[in-house]
2 protein chains.
Amino acid sequence: MSVTLDAIDRHILRVLQCDGRISNVELAREVGLSPSPCLRRVRLLEEAGIIDRYVAVLDPAKVGAGLTVFARVWFKTQDAEVTLRFAEAVRRFPEVMECYLTTGECDAVLRIVTADLHSYWRFQADHLTRIPGVLSVKTDVPMETLKRSYELPLR
Amino acid sequence: MSVTLDAIDRHILRVLQCDGRISNVELAREVGLSPSPCLRRVRLLEEAGIIDRYVAVLDPAKVGAGLTVFARVWFKTQDAEVTLRFAEAVRRFPEVMECYLTTGECDAVLRIVTADLHSYWRFQADHLTRIPGVLSVKTDVPMETLKRSYELPLR
DNA sequence: GGATGCTTCGCAAGCTCATTGCGTGAGGTT
DNA sequence: AACCTCACGCAATGAGCTTGCGAAGCATCC
């Protein structure tokens, strides 16, 4: 399902990445089409899976999720058993927004969202470090947000 | 600026975090209201800034942004001059999705999106390490994605 | 204890927008 | 040159958005 994106498709994607709830007529005007072929392109982009979904972006601070931290995790062993149990545990925690297995200095990198430092500390002590197979955790705590973007770069 | 969220508000936010383009009538049915008060609540949540925006989520792999890496950056000095220039530079790079200043082991943490390892290497060598004041960069390269969520946990 | 004010609900009307079918024109192939 | 294909624009229908208005629940105050 390799769809070739032309300039109009990329324009549509750029606009929808900024405003996922723009009306089709306005989107069409924006990209220089009439509504019907514009909607048809959007539907094709959705069916091809290029547009995965539409979501509302909430203000983290205003819904009690003001702190983002990055945790690096080391496992006791790197076998499939440990990583599988780790994956299952991590998927159950709503605080864990992203989790990747790495093969560098550490074994896993997590982006975790909580209300504040105290909440994070409790999460790390009560849940993260108690997942079987976890050897240690190092945390980078952001003091200030320089940038937070939701738009993938479209070449 | 109603900061107090009741159960229905949280229900609305939960649904909109999953599907930001759900129709208002369906959202209303989902949360057990008629369309008009439901829409009114959504508008209030938007005006209060609790709903920041709506965005389309693209499949990174299908738009040439398949690789996510985490970079930790060390500065030569920690003065305002260096961090300010770093912030400006970082905001100009569309590859940098997130950037935080930290006060732990390193000075800044970045989430960077590129097409592949080669593209990242070029970005790091040509741009990231050339920002004035940057001493060194360490990169954690994910081999596998265990979880990627867009839904903030709502207590 | 009852009246008043406030808030939020549901209903209805008007209007915009989404959706589909169909005809047309441009570009490439035989 | 004729044909085929693809994408566009137009028009009609139906669905959903939006707003004003009256009613019900609830707390406050006289």
Side-chain angles (χ1 to χ4, degrees), chain A residues 1-59 61-65 150-155, chain B residues 1-59 61-65 150-155:
Chain A
M1 189 79 82
S2 171
V3 182
T4 52
L5 300 178
D6 64 9
I8 297 181
D9 289 324
R10 284 195 296 274
H11 197 168
I12 289 175
L13 293 178
R14 250 189 301 274
V15 173
L16 286 178
Q17 277 196 115
C18 291
D19 181 3
R21 248 191 150 165
I22 189 174
S23 76
N24 183 56
V25 291
E26 195 175 345
L27 174 62
R29 188 168 43 234
E30 193 100 28
V31 303
L33 282 179
S34 71
S36 43
C38 181
L39 184 66
R40 218 158 306 174
R41 279 171 182 262
V42 171
R43 290 287 173 269
L44 284 176
L45 291 169
E46 290 168 359
E47 281 160 21
I50 294 171
I51 296 176
D52 182 29
R53 60 198 302 194
Y54 300 89
V55 302
V57 177
L58 309 187
D59 184 327
K62 290 180 178 165
V63 294
Y150 301 98
E151 300 158 34
L152 290 175
L154 296 177
R155 69 200 143 68
Chain B
M1 191 87 78
S2 93
V3 191
T4 50
L5 300 177
D6 64 8
I8 297 180
D9 288 324
R10 285 195 295 273
H11 198 170
I12 288 175
L13 292 177
R14 250 189 302 274
V15 173
L16 286 178
Q17 277 196 117
C18 291
D19 181 3
R21 250 193 147 162
I22 189 174
S23 77
N24 183 56
V25 292
E26 195 174 346
L27 174 63
R29 189 166 42 233
E30 193 99 29
V31 303
L33 282 179
S34 71
S36 45
C38 181
L39 184 65
R40 218 158 308 173
R41 279 171 180 262
V42 172
R43 291 285 173 271
L44 284 176
L45 291 169
E46 290 168 359
E47 281 159 22
I50 293 170
I51 297 176
D52 181 29
R53 61 199 301 195
Y54 300 89
V55 302
V57 177
L58 309 187
D59 185 329
K62 289 180 178 165
V63 294
Y150 301 98
E151 300 158 35
L152 290 175
L154 297 176
R155 68 196 141 70

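To find a chain, count down the sequence lines: A is the first, B the second, and so on, and within it residues start at 1.
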If I take atom [atom1] in residue [X] and atom [atom2] in nucleotide [N], what distance separates them, rounded to the nearest angstrom?
X	N	atom1	atom2	result
B:D6	D:dC26	CG	P	14 Å
B:I8	C:dT7	CD1	P	17 Å
A:E26	C:dA18	CD	C1'	15 Å
B:R29	C:dG10	CZ	C1'	16 Å
A:D9	D:dC6	CG	C1'	14 Å
A:R40	C:dT20	CZ	P	9 Å
A:R21	C:dC17	CZ	P	14 Å
A:N24	C:dT16	CG	C1'	13 Å

Can you find a side chain N or O atom of A:R43 that sits less than 4.0 Å from OP1 or OP2 on C:dA18? no
Between A:R41 and D:dC8, is there a side-chain N or O to OP1/OP2 distance below 4.0 Å? yes
So [Y] and [X], do their side chains get closer than 4.5 Å, heavy atoms only?
X	Y	result
A:D19	A:E26	no
A:V57	B:I51	no
B:I50	B:L5	yes

Side-chain (A:N24) to main-chain (A:P35) donor-acceptor, under 3.5 angstrom: yes
Is the base of D:dC8 touched by the side chain of A:S36 through a donor-acceptor pair closer than 3.5 angstrom? no
Which one, [options], comes nearest to the side chain of [X]?
X	options	value
A:L39	C:dG21, C:dT19, D:dC17	C:dT19
B:L33	C:dT20, C:dA18, C:dG10	C:dG10
B:V25	D:dG16, D:dC10, C:dT19	D:dG16

Please report the closest heavy-atom contact between B:R21 and A:I22, naming both atoms and the distance. NH2-O, 2.8 Å
Could you tell me whether A:S23 contacts a base, only the sugar-phosphate backbone, or nothing, with contacts defined as non-hydrogen atoms closer than 4.0 Å? sugar-phosphate
